[in-house]
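For reference, the structure discussed in these notes is given below.
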Amino acid sequence: MIQTVAWITSLIFMSFVVIVFGIVALKSKEKRDYEPIKKKWYKARTFYGSVLVIFMLAVTIYTLRDLPYNQPVYGEGSEPTVVDVEAFQFGWNISETEFSAGEPIEFKVTAADVTHGFGIYDEDMNLIAQTQAMPEYTNTVYITFDEPGTYEILCMEYCGLAHHLMIEEIVVK
Amino acid sequence: MELTAKSRNSLVAMYLSVGGLIILAMMIFGILMLMAQGGMLDLSPAAFYQFLTIHGTGMVGAAAFAAAGVMWYFLSKEVKLSKKIFKLNAVLFLVGVVMVIIGVFSFEYASAWTFLYPLPAISANAWGITGALLYLFGMLILGIGFLLLYIDTGRAIIKKQGSLAKGLGWDVISGKKEEKDAPTPTIVASTMVTIVNITALTAGAIVLIMNIINVINPAFTFDPLLAKNLTFAFGHIFANSIIYMAVIAVYEILSKYTKRPWKANKPFLIAWNMSTVFTLLIYTHHMLMDSVMPTWMLIMGQVLSYANGLPVLIITAYGALMIVYKSGIKWDMASGLIYISMFGWVVGVVPAIIDATIVVNQVMHNTKWVPGHFHLYMALGACAMLFGFMYYLAKEDSAIRTNAFDKFGLFGYTIAILALGGSFLVSGALSTPRRWATHFPDWMAPANFGAVAGALAAIALTIYIIHFVRYMMMRNKQDKDVEKISA
């Protein structure tokens with residue numbers, strides 16, 4: 001699950017930051033001449049900076065390979081089910097709410113009044129996909145539900161006083 | 001008007017005390033919201049979303065106001081700034097704040113700080129035209145004050161350096177000028193902030209005016225996607241600029257405390273030029289879930305958000321660590337908070353960069369992960385810089401001493417914000433949506449934990465403010481004593 005990966009990755013890097021700042025604070029009481037420190041650590045910075053840039057480039061390339069904006073390549077005879085979604089204050093008009101597991105679906109999402117957010121939650125209430133629901137524009141969510149169950153649609157963009165009540169169910173058999 | 005050290009300190013102390021007090025009040029709204037989400041407090045949705053609106057608007061406004069005070073304090077020692085404009089900004093800020101407060105609490109306006117078009121005009125009858133106009137005009141007036149201030153800083157920098165490009169050290173980077181003649185870090189940071197904030201405030205003014213016309217005459221409509229771009233260009237840049245103003249205190253205070261120079265060299269100047277460009281462009285990472293945006297802009301949102309981490313990770317934070325390392329620094333409240341602020345900045349950058357990754361954003365966007373990263377970055381980064389500066393100014397300008405309460409405040413604040421930020425990140429990992437008046441039972445525990453952490457942070461900030469108020473009183477008393485002696 002992406003959320004777990006994000007959380008663990010954050011914890012690892014944040015712990016590293018704690019350790020580095022902690023060590024420097026502990027070493028701050030000693031007093032040494034600044035010039036040799038500068039010389040040594042400027043050199044180290046070149047290495048550290050290069051490693052960081054290469055690491056970020058690698059992560060960028062890896063994570064940009066497959067974007068949620070791109071229509072998947074569907075197999076022959078496997079046409080997607082196109083579902084029209086219109087958000088309004090404070091509810092959802094969804095043209096179809098029952099699907100089959102493994103069925104490719106394209107949610108075409110727009111809004112009748114103000115900006116809303118179309119978030120799909122699985123049975124364990126994990127957010128699995130989302131897009132913005134905007135007036136005058138249509139955003140698309142490409143998704144194939146692998147597991148049967150009852151999924152919930154929650155509003156993910158603040159849209160007024162009953163924003164938190166914009167909940168709808170869809171069923172995957 | 002001649003600017004003396006005394007009048008500079010008085011004006012800047014006023015900026016910091018107003019900013020600090022508003023931040024404290026906004027913290028209380030934040031705690032109440034978390035308590036409501038955690039089920040500890042029964043708050044109506046209307047009240048919750050009004051608190052949400054005032055909390056977001058007030059926090060960014062107050063922190064920006066205080067940070068402008070920090071920047072003005074150091075910059076006015078190097079260039080000739082207008083005291084009149086500095087005062088005018090304070091007046092317009094207070095007028096704007098009063099209008100926003102009346103709009104929100106008397107007329108129940110609750111669009112959140114994002115006021116995403118056309119929400120100010122289409123509220124499902126939750127608020128009317130008056131509330132919307134008070135809020136939008138209040139923001140506009142407040143923005144005009146800041147705009148005048150940055151036009152003045154830009155004017156003064158151009159007068160001293162020759163151009164804003166030279167303020168960013170282009171002549172040094174290109175080799176026309178030697179490194180030893182590079183502009184100071186204060187000038188470089190102030191130039192960057194001047195450029196990005198004039199852009200942000202212009203974008204903000206445009207979208208505010210278009211919303212105002214739409215509220216008055218709903219027949220006037222405009223493109224919601226354009227409005228969203230303008231809103232986030234304004235909000236992202238302006239909120240980001242707070243740390244770039246406040247970091248001037250880090251450069252100045254750490255170098256003074258360690259007796260080590262922090263001078264602008266080529267890598268430093270290149271880093272600040274990168275920050276200028278990236279800060280202007282990366283607001284699109286707020287729109288990664290708008291697939292109708294050109295894909296290249298969204299990819300740019302991710303790539304440049306990653307790149308924007310580099311100047312701080314390789315130059316500023318690394319520089320802070322280097323200057324403190326084996327320096328024999330004397331730790332006190334000012335140096336302690338300033339050091340913690342650099343830690344807060346870096347620690348907040350980590351979840352921010354992760355969230356800017358498009359595939360992650362698809363399941364993290366508008367969850368509580370987002371306030372998780374910016375509470376670390378803003379509260380433990382930018383605000384700790386402001387509070388560190390408050391202690392520095394009090395020490396420089398009076399004989400006031402700190403006590404055990406202040407020390408408790410330093411440790412309490414650090415632990416509190418780490419706990420608060422952590423609770424938001426856990427909520428985000430649990431897919432809890434942000435800006436929800438109520439939570440499902442599974443989402444409540446982190447909210448309650450965050451409320452307790454928030455209360456500890458508010459106690460710590462109260463200690464800081466008491467110290468600062470004591471300093472201001474001591475200062476007034478000193479002035480009165482001097483007057484008596486001269487009489």
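- For A/M125, the parts sitting under 4.5 Å from any heavy atom of chain B are the backbone and the side chain alike.
- Heavy-atom pairs under 4.5 Å with chain A peak, among B/T432, B/T114, B/V349, B/L288, at B/L288.
- Ranked by heavy-atom pairs under 4.5 Å with chain B, the list A/G117, A/G119, A/A25 is led by A/A25.
- Options A/R45, A/M56, A/E157 differ in how many heavy-atom pairs under 4.5 Å they form with chain B, and the most are formed by A/R45.
- Looking at A/F90, the atoms closer than 4.5 Å to chain B (heavy atoms on both sides) all sit in the side chain, from C-beta outward.
- Across B/G422, B/A307, B/P118, B/A126, the residue that shares the most heavy-atom pairs under 4.5 angstrom with chain A is B/P118.
- Neither the backbone nor the side chain of A/F16 has a heavy atom closer than 4.5 Å to any heavy atom of chain B.
- With a 4.5 angstrom heavy-atom cutoff, A/V18 touches chain B via backbone and side-chain atoms both.
- Your options are B/K330, B/M322, B/R435, and the one with the most heavy-atom pairs under 4.5 Å with chain A is B/M322.
- Interface residue B/Q362: backbone and side-chain heavy atoms are both found under 4.5 Å from chain A.
- In A/Y74, the OH atom is crowded: over 12 heavy atoms of neighbouring residues, nucleotides or ligands sit closer than 6.0 Å.
- Only the side chain of B/P267 comes within contact range of chain A, judged by heavy atoms closer than 4.5 Å.
- The shortest heavy-atom contact between B/G428 and A/Q3 is O-CG, 4.3 Å.
- Contacts between B/L116 and chain A at a heavy-atom distance below 4.5 Å involve the side chain alone, from C-beta outward.
- For the options B/D355, B/T295, B/D223, heavy-atom pairs under 4.5 Å to chain A are most numerous at B/D223.
- Only the side chain of B/I354 comes within less than 4.5 Å of a heavy atom of chain A; its backbone N, CA, C and O stay farther away.
- A perpendicular orientation is assigned to the rings of A/W7 and B/W369, their planes being inclined by more than 60° (bins at 30° and 60°).
- A/Y69 and B/D290 share no donor-acceptor pair across their side chains, judged by distance under 3.5 Å alone.
- Interface remark: of the candidates A/T138, A/I128, A/T60, A/T60 forms the most heavy-atom pairs closer than 4.5 Å to chain B.
- In this structure, OG in B/S291 is found 7.0 Å from OH in A/Y142, a value given to the nearest 0.5 Å.
- A distance-only check finds no donor-acceptor pair linking the side chain of A/S28 to the backbone of B/I329 [under 3.5 Å].
- Considering only heavy-atom pairs separated by less than 4.5 Å from chain A, the leading option among B/S123, B/A121, B/P224, B/G309 is B/P224.
- Using a 4.5 Å cut-off between heavy atoms, A/I61 does not touch chain B at all.
- No side-chain donor-acceptor contact under 3.5 Å links A/W41 to the backbone of B/Y325.
- How far CE of B/M293 is from CD of A/Q132: 11.0 Å, rounded to the nearest 0.5 Å.
- Between atom CG of residue A/L154 and atom CH2 of residue B/W436 there is a gap of 3.5 Å, rounded to the nearest 0.5 Å.
- For A/Y158 against B/A110, the heavy-atom pair with the smallest separation is OH-O, 2.6 Å.
- B/Y339 and A/F21 have tilted rings, their planes meeting at an angle from 30° to 60° on a 0 to 90° scale.
- Considering A/D66, A/L64, A/T63 as possible partners of B/I358, the one that fulfils the side-chain contact (heavy atoms from CB on, under 4.5 Å) test is A/L64.
- Annotation: maximal heavy-atom pairing with chain A below 4.5 Å, among B/D442, B/V350, B/L321, B/L425, occurs at B/L321.
- Residue B/L119 comes nearest to A/C159 through the heavy atom pair CD1-O, 3.4 Å, listed as atom of the first residue, atom of the second, then distance.
- Note that NE2 of A/H164 and NE2 of B/H439 are 11.0 Å apart. Values are rounded to the nearest 0.5 Å.
- Between chain B and the residues A/V24, A/V53, A/V17, the largest count of heavy-atom pairs under 4.5 Å involves A/V24.
- Between the side chain of B/S431 and the backbone N or O of A/N126, no donor-acceptor pair lies under 3.5 Å.
- Between the side chain of A/Q89 and the backbone N or O of B/I122, at least one donor-acceptor pair lies under 3.5 Å.
- When the candidates A/K38, A/Q130, A/R32, A/H163 are compared by the number of heavy-atom contacts under 4.5 Å with chain B, A/Q130 comes out ahead.
- The CG atom of A/L165 sits 6.5 Å away from the OG1 atom of B/T438 when rounded to the nearest 0.5 Å.
- More than 12 heavy atoms of other residues, nucleotides or ligands sit less than 6.0 Å from atom OH of A/Y42.
- More than 12 heavy atoms of other residues, nucleotides or ligands sit less than 6.0 Å from atom CD of A/E30.
- With a 4.5 Å cut-off on non-hydrogen atoms, B/N265 touches chain A through its side chain but not through its backbone.
- The contact between B/F440 and chain A is made entirely by side chain atoms (from C-beta outward), counting heavy-atom distances below 4.5 Å.
- For the atom pair A/T115 OG1 and B/K228 NZ, the distance stands at 5.0 Å (nearest 0.5 Å).
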